[in-house]
Amino acid sequence: MRFDIDTYNEILNTLTRNKSRSLLTGFGVFWGVFMLIFLLGGGNGLKEMLEKNFAGFAHNSSMIWAQPTSKAYKGMKKGRTWYMTMKDAERLRHLMPELDAIAPTVYAGGTDIFRGEKSAWGNITGVTSDYRHIEVPKIKYGRYINDTDVMERRKVCVIGKSIYKTLFPDGENPCGTSVKVNNVYYQIIGVDYKEADGIDIGGKAAYRIIIPHTTLRTIYRRGEAVDIIAITGKENVVMSRIAPKIRSIIAREHSIAPDDEVGIQVFHTEAIFTMTANLFKGVNFMIWLVGLGTLLAGAIGVSNIMMVTVKERTSEIGIRRAIGAKPATILSQIIMESMLLTIAAGIGGIMLGILLLQAMELGTTTDGVPTAHFQIDFWLALFSTLLLCVLGGLAGLAPAWRAMKVKPVDAMRDE
């Protein structure tokens, strides 16, 4: 297929003579490519934003907590109130080899936190050092609660991002300073910048003040009570499959029916991550379906317009054939016209899509950092360009074949 400067100029002249038709045809391709790029980039950004809501949570974790029983058992009526204890965590540790981290957690509710004349609001949470394996912290300053803090019942704390920004507006390192919570002073040992709130346990992470669970039990007189036992499974362990065993171990010690799923609540994070993954699989399928469908409709429009153009240029093509133009020359020109029109419109759609995606990314920027990246990768852009070339060639194939079959005698009859 020969494509020299004369052929290029001739193609441009042809497209210029049919400006309105070329613009109308190119708009279909332009819109199809724009829809595909914009929807894919937007879908990527929304997926990233949703995943950030669950960032840091172990995919194979479960939360266990007590609720009033829903079944009568061993002479006890349903609706009985009961509480988990530290012994339940120890039983799970010894009887469940499938488990990795076991983190009993207690809460003391929300309260004001003071530093001099400044105050912030936060939820008090008592944890073990293992809790960092359940909900991975994003430590900006200092460190997290460790085993020594728990054993020695130290009055230390890790504060969330919002508490830190309120009490330390100048952005200094707060480690070593103290805050007052319910007339008790705690030394700050770390700042957790984690912001994910998709799984809200014990309040939002940014508004949480974390202390050793032993310290909380002593100060708030909670004894051996446990509000939630957070656990993670070992590699390849599906938490939902071992839930009945977890319930039976806890139920046996509290005289609860082993199949009482209401009385012993077990929530699996794997359900959320699986649902999210399936949701975006469906969304991506619909995006590709709509985008490619619109793009294909635009390519068909190009083919139809080129077919009309060939019919209008029957006499011109016939004369060129009569003075020695080869069929391959006619074929290449029509295909090149179709490809040029398709690629020009398609690249315009890609550029507009990327421009709007960039504007969306800038619109979701917080503290100079994008909340999500509403963009497509290089390989997808390259694939789109190659796809445009193929569709342009295919769109011009039928008109080009018709043009190649034009004979001088047909041109004279048409004239």
Side-chain angles (χ1 to χ4, degrees), residues 3 8 11-12 15-16 18-55 195-196 198 276-306 335-396:
F3 190 48
Y8 175 77
I11 291 173
L12 287 182
L15 295 177
T16 302
N18 301 279
K19 287 182 179 178
S20 59
R21 186 182 298 163
S22 299
L23 289 174
L24 181 63
T25 304
F27 180 75
V29 178
F30 171 88
W31 181 250
V33 175
F34 166 74
M35 286 285 291
L36 179 61
I37 297 299
F38 184 75
L39 289 175
L40 284 173
N44 289 338
L46 291 176
K47 182 179 180 181
E48 186 175 338
M49 290 179 68
L50 185 59
E51 287 177 343
K52 281 188 175 181
N53 281 330
F54 306 110
E195 293 184 286
T276 303
N278 291 335
L279 171 65
F280 276 96
K281 283 181 182 179
V283 170
N284 284 336
F285 174 77
M286 290 301 299
I287 288 174
W288 278 102
L289 185 64
V290 172
L292 291 178
T294 309
L295 192 59
L296 183 60
I300 293 174
V302 171
S303 181
N304 290 335
I305 293 299
M306 292 303 299
I335 291 179
M336 288 299 177
E337 287 180 18
S338 175
M339 290 181 66
L340 184 61
L341 182 60
T342 305
I343 293 173
I347 290 177
I350 292 175
M351 293 178 65
L352 179 61
I354 291 176
L355 183 64
L356 290 182
L357 289 173
Q358 184 65 29
M360 289 178 63
E361 187 170 311
L362 292 175
T364 59
T365 298
T366 304
D367 296 332
V369 179
T371 303
H373 297 88
F374 292 86
Q375 287 296 351
I376 60 172
D377 58 30
F378 169 78
W379 296 108
L380 182 57
L382 180 61
F383 169 76
S384 301
T385 305
L386 294 176
L387 182 62
L388 288 174
C389 294
V390 173
L391 287 177
L394 293 176

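Keep in mind it's a predicted model, so treat the numbers as computed, not measured.
Minimum interatomic distance between Ile350 and Ile37 (heavy atoms only, all atoms of both residues): CG1-CG1, 4.2 Å.
We find the CZ-CG distance between Phe34 and Leu39 to be 8.0 Å, quoted to the nearest 0.5 Å.
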Test log, rule side chain to side chain contact (heavy atoms under 4.5 Å, CB included), inputs Leu357 and Glu361: CA-CA 6 Å; Leu357 289 173; Glu361 187 170 311; over 6 Å; no

